[in-house]
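For reference, the structure is listed below as structure tokens.
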Amino acid sequence: MHYSGPFFMRHGETNWNQKDKLQGQKDIPLNDNGRRQAEEATKIITTLGIERIIASNLSRAKETADIIAERLNLTVEYEPLLREWNFGAMNIAKQKDLRPETFKAQLAQNLKSGAESIDGVFTRVATFFDKFDMNPNTLIVSHGGLMRAMMYYLETGGKTNVDEFINFGFHQRISNAQIFAFQNKKFELVR
């Protein structure tokens with residue numbers, strides 16, 4: 001199948017991913033498997049015509065992007081707007097323990113501990129898309145939580161309904177090193 005972009009990729013695996021721990025903005029590096037996943041992803045990415053890579057500046061996304069960029073002979077643009085959602089004290093929670101019906105309340109409680117609000121995430125996403133031209137040959141390397149916000153935002157044409165987003169986000173499975181194409185106003189799994 002022929003895909004057009006822009007393309008979105010989640011970073012490779014970390015030790016915290018193996019333990020099902022929310023990482024948020026904690027700077028957890030890739031593990032050996034995560035590096036292998038990034039190398040494997042380059043086999044597909046080299047067929048997509050990527051000319052530009054923009055990545056979160058957290059080390060797990062940065063290293064994933066660097067592995068790909070080296071193969072494509074490109075320079076990565078590191079962008080703090082693409083950092084993972086800051087979950088505050090929820091950074092230590094296991095993902096399997098999060099539920100749509102309690103997420104909003106848990107996040108509200110954690111705002112005091114520095115968590116980022118859902119509206120704050122949408123502001124960051126909107127700022128990113130205003131700042132960067134998303135041509136079809138762009139690869140964006142980011143994180144699961146932020147990718148869910150970007151997917152919702154783009155698929156709904158810039159909508160920011162909190163309850164609708166929570167429901168949407170909990171139904172999006174995004175594995176490490178998965179690549180999605182945004183085409184025809186929908187995200188399609190490439191790998």
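Note that these values count all heavy atoms, side chains included, but never hydrogens, waters or copies made by symmetry.
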| said: Any heavy-atom pair between the side chains of Ile54 and Leu139 that's under 4.5 Å? | reply: no
| Side-chain heavy-atom pair Asp32, Arg36 within 4.5 angstrom cut-off | yes
| Rounded to the nearest 0.5 Å, how far apart are CG of Asn17 and CD1 of Ile28? | 9.5 Å
| query | On the ring face of Tyr78, is Lys62 found with NZ or CZ under 6.0 Å from the centre and within 45° of the axis? | reply | yes
| query | If we only count heavy atoms from C-beta on, is the Gln18 to Asn15 side-chain gap below 4.5 Å? | reply | yes
| Okay, side chain of Trp85, backbone of Glu116: is any donor-acceptor separation there less than 3.5 Å? | yes
| remark: Separation between CG (Asp163) and CD1 (Ile118), nearest 0.5 Å, reads 8.0 Å
| query | Which class fits the ring pair Phe182 and Phe187: parallel under 30°, tilted 30 to 60°, perpendicular over 60°? | reply | tilted
| request: Not counting sequence neighbours, which residues clear salt bridge (charged side-chain N to carboxylate O under 4.0 Å, His left out) with Arg52? List them please. | output: Glu77
| field | Side chain Glu70, main chain Ile67, donor-acceptor under 3.5 Å | value | no
| Interatomic distance, His171 atom NE2 to Ile166 atom CD1 [nearest 0.5 angstrom] | 12.5 Å
| Carboxylate-amine/guanidinium contact Lys26 Glu84, below 4.0 Å | no
| Sidechain-backbone polar pair: Gln183 side chain, Ser4 backbone, donor-acceptor under 3.5 Å | yes
| Does Leu48 reach the side chain of Asn137, with side-chain heavy atoms less than 4.5 Å apart? | no
| task | Working to the nearest 0.5 Å, report the span between CD of Gln23 and OG1 of Thr14. | result | 3.5 Å
| query | Going by heavy atoms in the side chains, are Phe8 and Ile174 under 4.5 Å from each other? | reply | no
| message | For Gly120, is there any backbone N or O sitting under 3.5 Å from a side-chain donor or acceptor partner on Ser117? | response | yes
| Within the distance-only criterion (no hydrogens, no angle test), does the side chain of Arg148 pair as donor or acceptor with the backbone N or O of Gln172 below 3.5 angstrom? | yes
| Within a reach of under 6.0 Å around CD of Glu155, are more than 12 heavy atoms found that belong to other residues, nucleotides or ligands? | yes
| message | Any donor-acceptor pair under 3.5 Å linking the side-chain atoms of Asp130 with those of Thr127? | response | no
| query | Going by atom types only, do Ser142 and His11 share a side-chain donor-acceptor pair under 3.5 Å? | reply | no
| request: May I ask you to decide if Gln25's main-chain N or O and Asn86's side chain share a donor-acceptor pair within less than 3.5 Å? | output: no
| query | Got Leu146 and Arg83 here, is their nearest side-chain heavy-atom distance under 4.5 Å? | reply | no
| What pairs with Phe122 under ring pair (Phe, Tyr, Trp, His ring centres under 6.0 Å), at least two apart in sequence or on another chain? | Tyr152, Phe165
| query | Do Arg60 and Glu63 sit within salt-bridge range, that is, some charged N less than 4.0 Å from a carboxylate O? | reply | no
| task | Please round to the nearest 0.5 Å and tell me the distance separating atom CD1 of Ile53 and atom CG of Leu74. | result | 5.0 Å
| So, the side chain of Thr138 versus the backbone of Met134: is there a donor-acceptor pair under 3.5 Å, distance only? | no
| message | So Lys185 and Leu154, do their side chains get closer than 4.5 Å, heavy atoms only? | response | no
| query | Can any side-chain N or O of Arg10 pair as donor or acceptor with the backbone N or O of His143 at less than 3.5 Å? | reply | no
| message | For a 4.5 angstrom cut-off between non-hydrogen side-chain atoms, does Thr64 reach Met9? | response | yes
| note | Those residues at least two apart in sequence (or on a different chain) that pass salt bridge (charged side-chain N to carboxylate O under 4.0 Å, His left out) with Glu13 are none
